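Heads up, the thing below is written out as structure tokens.
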Amino acid sequence: MQSEQIKEAAQFLLAATNEAKEVDRISSRYPQLTLGDAYKIQHEGMKIRESQGAKWVGWKMGLTSEAKRKQMNLDSAIFGYLHDKGAVHSKTLNLKGLIHPKIEPEIGFRIRSELKGKVSFEQALNAIGGICAAMEIIDSRFIGFKYFSLPDVVADNCSAAQYIWGEELSDFKNLQMDQLKMSLLVNGIVVQEAFASEISGHPVHSLMQLSELLAIEGLSVPAGCIVLAGAATPAVALEPGQTIELRVDSLPTLKVEAT
Ligand code: OOG
Ligand code: MG
């Protein structure tokens, strides 16, 4: 795709986000859309947001669990960006302004030293300064939240909308991170449950994968940023009135009320 088309596609998707309006997939407008073009569209989207005052804060991994790949009928891990305006700071989650939001149980990392390219498990683990339970609110801009290709979802910043960040644990060396049980509750009832090993076999593998995927685009995981490792289970549709809770063994619980 030409750079003018990349810009146009980024603007088209941001307008859909801001107007909470579902739109046709990018690949129906630009059938030649490749994964490389899609990451350029994503990057352009972040640049536009920055010009409007948002700050980049980190990365999200997507489709790191088999359950998510099955749910979306797509087959490989992808990444997107997180910005400060996406953080939910209150105990209520306002669904106005979202199209068809869903919520996912995730593990969050605070990065203390840069990761670049292919790294070992030890290097990735040592780069983590804190871990927490986190929830991601995803909201595809595409009609029906389905039937999109990998480049489509990447261009749409991997459906990123908002995220809820838990209290971080900095002393996690004795934690069997992949053995943490994650339970997502709606109105007090467990609706999804999985071990953190569902995230790429181990959440740290997801971080290693992220570093490698970023290198293809000439990017890295800088010190100080945050990372969402990807959902451990399928996403759950959000509706006003629900109380959503995420319990993860050994990590502080998260609870919000959707309005
Ligand atoms: C893509 C984003 C997936 C995750 O954690 O797997 C994602 C989508 O499902 O629309 O954020
Ligand atoms: Mg996610």
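Everything numeric here is computed off the predicted structure, so don't read it as measured data. Just follow the structure's listing: the first ligand is 1, and inside any ligand the first atom is 1.
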**For Tyr163, the rest of its hydrophobic cluster, which grows through side-chain links under 4.5 angstrom** =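 Besides Tyr163, the hydrophobic cluster comprises Val57, Leu82, Trp165, Ile226, Leu228, listed by chain and residue number.
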**Asked** Who pairs with Tyr39 by ring pair (Phe, Tyr, Trp, His ring centres under 6.0 Å), at least two apart in sequence or on another chain?
**Response**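 Result, ring pair (Phe, Tyr, Trp, His ring centres under 6.0 Å) vs Tyr39: Phe79.
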**Message:** Holding to ring pair (Phe, Tyr, Trp, His ring centres under 6.0 Å), I want the full list of residues that pass it with Phe121, two or more places apart in sequence or in another chain.
**Reply:**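 With neighbours one apart ignored, the set is His202, His205.
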Taking just the N, O or S atoms of [X], which one is nearest to the Mg ion (ligand 2)?
X: Glu106; result: OE2
X: Glu104; result: OE1
X: Glu136; result: OE1

**Prompt:** Is any side-chain N of the basic residue among Lys60 and Glu136 closer than 4.0 Å to the acidic one's carboxylate O?
**Reply:**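 A salt bridge links Lys60 with Glu136.
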**Asked** Can we say Lys47 and Glu44 salt-bridge, meaning some charged N sits less than 4.0 Å from an Asp/Glu carboxylate O?
**Response**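 Result for this pair is yes, salt bridge flagged.
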**Asked** Near ligand 1, which protein residues have a heavy atom under 4.0 Å away?
**Response**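 For ligand 1, the residues that come within the 4.0 Å heavy-atom cutoff are Lys60, Met61, Gly62, Leu63, Lys68, Met72, Glu104, Glu106, Glu136, Ile138, Phe145, Phe148, Val153, Cys158, Ser159, Gly230, Ala231.
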**Item:** Distance-only donor-acceptor check, side chains Ser183 and Glu193, under 3.5 Å
**Value:**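 A pair is found: one side chain offers a donor N or O, the other an acceptor, under 3.5 Å apart.
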**Request:** Give a yes or no answer on whether the side chain of Asp139 reaches the backbone of Ile99 with a donor-acceptor pair at less than 3.5 Å.
**Result:**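 It does hold such a pair.
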